Amino acid sequence: MGYTKVETLRQIYPSGTRLKLIHMEDSQSVPDGMTGTVDYVDDAGNVHMLWDNGRTLAFLPDIDKAIKITEE
């Protein structure tokens with residue numbers, strides 16, 4: 001049995017993954033360049049984030065753009 005889209009997203013963005021936002025298509029978005037940590041991926045495929053500025057806005061992989069980062 002193959003992975004569903006949500007299962008695939010959970011593999012790509014496990015809890016604790018660090019992301020850097022390139023751009024978010026949302027009028028209430030966090031600023032471009034903001035970094036944060038993945039909290040969880042919900043059943044709709046939204047990646048819930050704990051942004052470093054204290055916000056908790058979800059990242060939408062089909063719409064928004066971000067890259068994984070590694071901490072040194």
Side-chain angles (χ1 to χ4, degrees):
M1 175 184 275
Y3 278 100
T4 67
K5 182 177 178 178
V6 171
E7 289 167 333
T8 300
L9 289 170
R10 288 178 175 147
Q11 291 291 318
I12 295 169
Y13 301 110
S15 180
T17 300
R18 296 281 296 159
L19 299 179
K20 179 176 182 179
L21 182 67
I22 303 302
H23 185 72
M24 185 177 280
E25 295 292 332
D26 188 312
S27 62
Q28 302 296 317
S29 69
V30 296
D32 292 353
M34 179 60 58
T35 55
T37 305
V38 173
D39 190 17
Y40 66 97
V41 177
D42 68 19
D43 292 340
N46 302 313
V47 181
H48 290 262
M49 298 292 299
L50 304 172
W51 295 103
D52 292 349
N53 66 354
R55 302 270 316 271
T56 57
L57 189 63
F59 165 74
L60 308 177
D62 289 339
I63 299 170
D64 305 323
K65 294 178 178 38
I67 58 172
K68 284 186 180 183
I69 57 175
T70 56
E71 294 190 275
E72 311 208 9

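In this text the structure is predicted, and so the values were computed from the model without any measurement.
Note on K20 versus D52: no salt bridge recorded, every NZ/NE/NH1/NH2 to OD/OE distance being 4.0 Å or above. Salt-bridge check for R10 with D43: passed, with a basic side-chain N closer than 4.0 Å to an acidic carboxylate O.
By the 4.5 Å heavy-atom criterion applied to side chains, M24 and L21 are counted as neighbours. Taking the side chain as every heavy atom from C-beta outward, V38 and P14 never approach each other to under 4.5 Å. Using a 4.5 Å cut-off on side-chain heavy atoms (C-beta onward), M34 and L57 make no contact.
One N or O on the side chain of D64 and one on the backbone of L60 form a donor-acceptor pair closer than 3.5 Å. A donor-acceptor pair under 3.5 Å is formed between the side chain of S15 and the backbone N or O of D39. The backbone N or O of E25 lies less than 3.5 Å from no partner atom in the side chain of S29, so there is not a single donor-acceptor pair. Remark: side-chain polar atoms of W51 are not paired, donor with acceptor, to backbone N or O of V30 under 3.5 angstrom.
Residue E7 holds its CD atom at 12.0 Å from CD1 of I12, rounded to the nearest 0.5 Å. The CD1 atom of I22 lies 9.0 Å from the CZ atom of F59; values are rounded to the nearest 0.5 Å. Distance check, rounded to the nearest 0.5 Å: CE of M49 to CG of L19 gives 4.0 Å.
For the residue pair G45 and P61, the shortest heavy atom distance occurs at O-CD, 3.5 Å. Pairing each heavy atom of R55 with each of Q28, the nearest pair is NH2-O, 2.7 Å.
Ring orientation note: the planes of Y40 and H48 are close to parallel, at an angle under 30° on the 30°/60° scale.
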List the steps, then state whether side-chain contact (heavy atoms from CB on, under 4.5 Å) holds for D62 with K5. CA-CA 11 Å; D62 289 339; K5 182 177 178 178; 2.2 Å; yes
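Atom NZ of K68 has more than 12 heavy atoms from other residues, nucleotides or ligands within 6.0 Å.
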